[in-house]
Amino acid sequence: MISDRINENSPWQDITEGNKIFEAATSKEFCTGEWRTSTPVWDQEKCKQCLLCTPVCPDSSIPVCDQKREDFDYDHCKGCGICAKVCPFGAITMKEGK
Amino acid sequence: MAVRERLSGNEAVAYAIKQINPDVMPAFPITPSTEIPQYVANYIANGEIDTEFIPVESEHSAMSATVGASAAGARALTATSSCGLALMWEELYVAASNRLPIVLALVNRALSGPININADHSDSMGARDSGWIQIYAESNQEVYDNFLQAFLIAEHKDVMLPVMICQDGFITSHGVENILLVEDDQVKEFVGEREPEHYLLNPNETLAVGPYAVSSYYMETKRGQREAMINARKVILEVANRFQAMTGRQYGFFEAYRLEDADYAVVIIGSAAGTCKAAIEEIRNTTGKKVGLLKIRVFRPFPEEEIAAALTHVKAVAILDRSEMFSATSGPLGAEVRAALYQAKGTAETVNYFYGLGGRDITVEDFCQVYDNLEKIAAEHKVTDMYEYIGLRS
Amino acid sequence: MEAYNFKEIMSKPERLAPGHRMCAGCGGTIAVRGVLRALHEGDKAVVGNATGCLEVSSFMYPYTAYEDSYIHNAFENAGATLSGVETAYRVLKKRGKLKEDYKFITFGGDGGTYDIGFQSLSGAMERGHDMVYVCYDNGAYMNTGTQRSSATPQFADTTTTPAGKVSNGKVQIRKDLAAIMAEHHIPYVGQTTFTANFKDLHTKAEKAIYTPGAAFLNVLAPCPRGWGYEPSDLMDICKAAVDTCYWPLYEVVDGKWSITYEPKEKLPIEDFLRSQRRFRHLFKPGNEELIAEFQREVDRRWEELQVKCSK
C-alpha cells in the first residue's frame with residue numbers, strides 16, 4: 001500500500017523526489033464509495049448483460065469480465081445513478097443511503 | 001590538447017551544446033540569446049548533431065516542452081533572455097519542484113519596462129527564488145566552461161535540480177574573445193550521457209509526475225528541494241575539480257581576486273568583474289592601496305559562509321547590484337551579502353551600489369571612485385548613503 | 001482500426017482507475033475512460049493533463065488514477081508539455097535507447113484548451129507532433145466554480161456571466177474550436193460526445209490515436225454542478241445536445257469534413273436547454289426571443305457544417 005509509505009504523517013525524507021509516483025493506479029486505495037448518498041443495486045435476474053451501463057460510469061465501478069458485468073465496486077461507486085437511468089431493463093435501481 | 005578559437009559567448013554556449021549533443025532543445029527567439037538556438041539549428045541542419053530542436057511558439061512553451069522532455073527521460077535544455085525568462089516564470093518553479101535536471105542558457109538582459117535589450121541581471125535575479133541553481137560568468141571562457149559542467153551538476157543523484165548558466169547580454173554574448181575549447185572526445189567523456197532513474201518512457205515502470213499536493217505534503221516537498229540545494233554545494237565543487245583536472249582551469253563558488261590582503265573589496269557578479277580587475281591593478285600599481293574583488297560565480301545555492309569568511313579581514317565592502325528589487329533599501333546581492341556578514345559577525349562597513357541597469361556602462365574610473373569611497377567609509381565608520389548609484393544622472 | 005464490437009471493447013482492461021475525486025456523475029472521467037479505451041491492448045501510452053478538475057482529482061499525491069505514465073505540468077501548457085514528451089520519445093528511439101512504442105494523449109478542459117492553453121495547443125498541432133489533444137468540454141471553468149470560458153454557450157448563467165435583472169447571462173456565442181483545429185490542417189479532428197453504445201467516441205478516439213501526426217478531439221462532457229441538472233440525466237443531456245444539433249458529431253480526416261451522425265429529426269433547442277439550470281432564465285415569459293436567437297445560431301452553424309461536409 002502506498003498509503004503505508006506516504007501519508008500525512010510522513011517525514012520530509014519520505015516524500016518522493018519531485019513528488020513522483022512510481023506506481024500505477026494508486027488511487028484505488030482511496031475509497032470514494034463513502035461519498036455515496038444513494039446506491040445502485042444490480043438485479044442479476046433482470047440484467048441481460050447488454051453492458052450499456054459500463055461506459056457511462058465516471059468511476060470505473062462496473063467491472064466487466066469476459067463480456068459480462070459483475071457487481072458494483074462499492075468501494076468506489078459514488079452513486080451518481082447514470083447507470084440506473086440508462087439500463088433498458090430496469091435491472092439497476094437506486095436505493096437511499098449507502 | 002585544447003583548441004584555440006575566437007568565439008562570442010553565444011557561439012561558445014552553442015559550441016558546448018554541439019559537443020554535448022543533448023537530446024531535446026525547445027527554444028524561442030529573443031534578443032540577445034537568439035543566436036544560441038540558431039547555431040544549434042544549423043548544427044542539426046548540417047548533420048553535425050542529432051539533437052531534436054522544437055521551434056516552440058513562446059518561451060512558456062519552451063520551458064513547458066523542456067519539462068516534458070526531461071520528465072520523459074531526455075537530456076533537455078533551452079536558452080532565453082529577459083522577458084522570455086519572465087514568461088517562463090511559472091515553469092521555472094515547476095521544473096525545480098519536479099526535480100528535473102534541465103539546463104537553461106540565460107543571456108542576461110534587462111526586464112521590461114521600459115523595453116530595453118541590454119544587459120542587467122533583473123531577469124535572473126527575479127528568478128533567484130525559483131529553486132534553480134544559478135551560475136554566472138565573467139567571460140566567454142567562463143560561460144563555456146560553466147556550460148560544460150552544468151548537466152553533471154543537474155543530473156547528480158543527490159541534486160536533481162535545474163541549472164541556469166548565466167552570461168551578460170551583448171557584453172559576453174556578442175563580444176568575441178579568445179577562448180580555449182576542450183576537445184570533443186574529452187567533452188563526451190566528461191559529460192557522459194544522462195541515466196535517468198525515474199522517467200515517463202521507462203517501459204519497466206509507470207511514473208506519474210506533477211500531482212496536486214495538499215498542505216500535508218507541500219512543505220515537506222520544499223524541504224526536500226532545500227536538501228538538494230545543500231547537496232549541490234558539494235557537487236558543484238566536485239564537478240569543478242574534475243573540470244580542473246581536465247582543463248587546468250579552476251572554479252569555485254566565487255573568484256577571490258587580490259582579496260587575500262585587501263582592505264577594501266568589491267562584490268560583484270558577471271562581466272563587470274573584468275573592468276573591476278583593471279581598476280584594481282591600476283590602483284595597486286599607482287597608489288599601493290590594497291583593493292580586491294570577490295566575483296560571485298554561484299549565486300544559488302548561496303555560498304554564505306564562504307563569502308563571509310573571505311571578507312572577514314576587509315575594512316569596507318561595496319556590493320554591486322546589476323538589478324533593482326525595489327525594497328528601497330538594497331539590491332538582491334546587497335541584501336544577501338550583508339546578511340552573510342551579519343551572521344558571521346563581520347566588522348566590515350558595507351555599502352550597496354547599483355550599476356549597469358539596462359546596459360549602462362561602468363568604467364575603470366567608476367570602480368576607482370568606489371574604492372575611494374570605501375576608504376572614506378572605513379576611515380569615518382560612516383556610510384552616508386547605503387544606496388549609491390554608478391553613472392546615474394542627477 | 002478494430003471493428004467495433006461493443007461487448008469486447010467493454011471487456012478491455014480499465015486504464016483509468018477508480019478512487020479519483022471527481023464529482024459523482026462527472027462527464028470528464030467518462031470521456032477519459034472512453035478515450036483511453038481506444039488504446040489497443042498492450043500499447044503503451046503517456047497521458048498528459050492540463051490543470052483543472054481532472055488533474056487535481058485524478059492525481060492527488062500520492063494517488064494517481066492512471067494505469068499509464070502521466071504528466072501534469074500547468075494549466076496553459078498541456079500541448080507544449082506533451083510535445084516535449086513526444087520529442088523525447090523520438091530522439092530516444094532514434095538513438096536506440098528505447099525499443100517500445102508509445103502513444104501520447106493529453107487531456108484538458110475547455111478553460112485549459114479554448115482559452116489559456118490555446119496558444120500552446122495551436123503550436124503543438126502546427127508543429128505536427130504525433131499526439132492527440134483531447135478537450136473534455138464542459139463549457140466553463142468548473143474547477144474554480146463555473147466561470148465562463150470561450151466554450152460557454154451564449155446566454156449561459158455562469159459565476160462571471162450571471163443572469164440578473166439586466167443580464168441574460170453570457171453575451172457572446174461560443175468559439176468553434178474543432179473547426180479552428182481543422183483549419184490547422186492536421187490529419188485528424190473529431191467532435192464527439194457520449195452516445196448509447198459509445199461507438200462514435202471510441203471510433204474517433206481510435207482514429208485520433210492511431211493516425212500518425214497531430215490529432216484533436218473535442219468531447220462534450222456535461223458537468224452536473226456547473227450546468228445544473230440531475231447527475232443521473234447525463235446521457236439524456238448528451239442525446240439532446242446531439243439531436244438538437246447544438247453539438248453535431250463530425251470529423252475532419254485529411255481535410256475532408258463529414259458528419260458522423262445525422263439526427264432523424266432535428267429537435268428544437270429548448271429540448272437541450274430546458275433541463276439545465278444555467279438556461280433557466282431563458283424560459284421566463286418575455287425571453288422567447290433569446291431562445292429564438294440561440295436557435296438561429298445553432299441552425300446557422302449546422303447549415304455551415306453541412307455545406308463543409310458536402311464538399
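We use all heavy atoms of the structure for the numbers below, so side chains are in, but hydrogens, waters and symmetry mates are not. Quick note on labels: first sequence line is chain A, next is B, and so on, each numbered from 1.
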Near [X] [atom1], under 6.0 Å, is it more than 12 heavy atoms from other residues, nucleotides or ligands?
X: B:Glu193; atom1: CD; answer: no
X: B:Lys222; atom1: NZ; answer: yes
X: A:Gln13; atom1: CD; answer: yes
X: B:Glu305; atom1: CD; answer: no
X: B:Arg223; atom1: CZ; answer: yes
X: A:Glu34; atom1: CD; answer: no
X: A:Gln49; atom1: CD; answer: yes
X: A:Asp66; atom1: CG; answer: no

Would you check if A:Lys20 and B:Arg99 make a side-chain contact, meaning some heavy-atom pair closer than 4.5 Å?
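When only atoms from C-beta onward are counted, B:Arg99 and A:Lys20 do touch, with a gap below 4.5 Å.
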
Less than 4.5 Å apart, side chain to side chain, heavy atoms only: is that true for A:Trp12 and B:Glu227?
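In short, these two side chains touch, coming nearer than 4.5 Å.
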
Checking B:Gln225 against chain A: side chain, backbone, both or neither under 4.5 Å from a heavy atom?
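The answer is neither part of B:Gln225.
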
Shortest non-hydrogen contact from B:Glu220 to A:Pro11?
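Here B:Glu220 and A:Pro11 meet closest at CG-C, 4.3 Å.
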
Hey, what do you get for [atom1] ([X]) to [atom2] ([Y]), rounding to the nearest 0.5 Å?
X: B:Glu205; Y: A:Glu23; atom1: CD; atom2: CD; answer: 9.0 Å
X: B:Ser97; Y: A:Glu17; atom1: OG; atom2: CD; answer: 11.5 Å
X: A:Ile15; Y: B:Tyr218; atom1: CD1; atom2: OH; answer: 14.0 Å
X: A:Asn19; Y: B:Tyr212; atom1: CG; atom2: OH; answer: 13.0 Å

Leading residue by heavy atom contact count with chain A [cutoff under 4.5 Å; candidates B:Ser216, B:Ala208, B:Ala71]:
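The candidate making the most pairs under 4.5 Å is B:Ala208.
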
Which one wins on heavy-atom pair count under 4.5 Å against chain A: B:Asn98, B:Asn202, B:Leu100, B:Val209?
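Sorted descending by pairs with chain A, the first entry is B:Asn98.
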
Identify which part of A:Thr26 has an atom lying under 4.5 Å from any heavy atom of chain B, answering side chain, backbone, both or neither.
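Looking at A:Thr26, nothing touches chain B.
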
